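Quick caveat: nothing in here was measured; it's all calculated off a predicted structure. Both ligands and their constituent atoms are indexed starting at 1 by order of listing.
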Amino acid sequence: MPWPAAVDFLAPLAPWFDGARRELPWRAQDLDAPHADPYAVLVSELMLQQTQVATVVPYFLRWLDRFPTPQTLAAADEDSVHKAWEGLGYYRRARFLKAAATVVAAQGWPEDLAGLTELPGLGPYTAAAVGALAFQWPTPALDGNAFRVLARLLLLEGEPRERAAELREWLVPALRAHGPSRLTQALMELGATACQATPACGRCPLADRCEALRQERTREIPPVAKRARQHTAELWLLALEAEGRYLLHPPAASGLLAGLWRWPTLDAAALPATAGPASGLRAWPGWTQVYTHRREAVSPLHLQRERAFPAPEGLLWVSRAELGALPLGKRDQRLRDLLATSGAPPLTAPEPAALLQALGVTAIQKRESI
Ligand code: SF4
């Protein structure tokens with residue numbers, strides 16, 4: 001069945017959005033004019049990649065306070081950028097944002113979608129979203145919410161992302177007619193607030209034309225993607241302290257964890273626990289840390305040694321005062337926070353000597369550290 005013309009089909013969305021929109025700090029009051037601060041749109045879009053709106057809001061406000069313009073972000077040092085991003089995860093986004101701000105500060109904003117796509121970190125979706133929301137360009141941006149809404153409205157069988165090119169082409173006249181920013185946000189808002197996994201069709205402005213609703217197939221459209229079973233790695237997360245300093249891995253220059261300091265981790269399968277509290281050890285309840293392609297069963301430990309010793313290869317001593325200012329990932333922040341609490345001697349844990357050996361501490365260093 002051919003799709004109906006988008007201009008008329010989606011028309012009720014535009015006025016509906018005026019009453020249904022959530023007030024978000026990056027959202028323009030006037031949806032029908034170019035955004036007064038395209039940088040705010042860029043920041044919000046990068047933050048919203050893989051992070052929920054409620055989590056992003058306080059980060060966004062602090063970020064704009066700290067780095068209010070592309071120029072201030074471009075001039076900031078990497079550590080302060082990572083520190084401001086700390087807790088949001090996927091730190092590559094912070095580096096991309098700084099790199100994109102550096103281009104914009106030097107050359108100004110691109111003048112078309114191709115130019116936005118060339119900014120660091122802006123894939124086709126983010127570039128299209130910035131184009132529509134910041135500049136009112138008719139560049140269709142389809143996120144997961146928009147795909148779900150369109151799949152149901154048009155009764156798309158199979159994975160709607162495979163129809164992305166057709167859907168974008170279909171949407172362009174509607175964006176021109178109803179306003180790129182308004183219609184883009186309305187479509188996403190409908191998916192976020194009414195057309196969720198279990199849709200609230202009674203609140204939907206398009207219920208009278210939704211084919212999935214008419215055919216009572218909203219539960220099966222779009223199909224839920226099956227997730228591959230993830231391996232769970234079991235590890236000890238170790239804060240080794242001596243003379244008021246801690247051992248940490250300094251940031252890698254590239255890769256997913258670039259820019260972040262890390263506590264040493266030790267493979268629990270290779271370093272089994274023994275019963276009985278060992279002296280100098282504190283522990284806290286463990287947790288499961290979930291990443292996109294990996295899960296970790298984390299057991300946090302604090303090992304206190306009396307004297308410091310030369311740091312093993314790949315690790316550096318960091319003072320307690322410095323530790324608070326270092327950018328850490330979520331897992332490692334959690335251990336830093338735990339250190340301020342009392343903890344308890346572990347019922348089972350590896351022997352301290354085994355922990356030191358696994359870290360690469362030599363026999364001489366071990367004697368020095370007792
Ligand atoms: S009628 Fe229901 S299923 Fe259809 S678009 Fe609206 S909320 Fe989604």
Asks: Quick one about E322 and S319 (side-chain donor to acceptor, distance below 3.5 Å, no hydrogens or angles considered), yes or no?
Replies: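 Indeed, the side chains of S319 and E322 share at least one donor-acceptor pair under 3.5 Å.
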Asks: So if I apply the salt bridge (Lys or Arg N to Asp or Glu O under 4.0 Å) rule between E241 and each of R307, R282, R320, which one comes out positive?
Replies: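 It is R320; the other options fail the test.
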Asks: If only side-chain N and O atoms count, and only distance matters, is there a donor-acceptor pair under 3.5 Å linking R331 with T265?
Replies: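 Result is no, nothing qualifies.
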Asks: Under 4.5 Å between any side-chain heavy atoms of P327 and W85, yes or no?
Replies: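 Side-chain contact under 4.5 Å: no.
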Asks: How many angstroms lie between atom CG of L42 and atom CG of L46, to the nearest 0.5 angstrom?
Replies: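 Between atom CG of L42 and atom CG of L46 there are 5.0 Å.
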Asks: Counting C-beta onward and ignoring hydrogens, is there a side-chain heavy-atom pair between E296 and Y291 closer than 4.5 Å?
Replies: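 Result yes, sub-4.5 Å side-chain heavy-atom pair found.
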Asks: With 2.8 Å as the threshold, which protein atoms of type N, O or S lie near atom 2 (Fe) of ligand 1? Leave waters out.
Replies: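 Listed by chain and number, the atoms are C201 SG.
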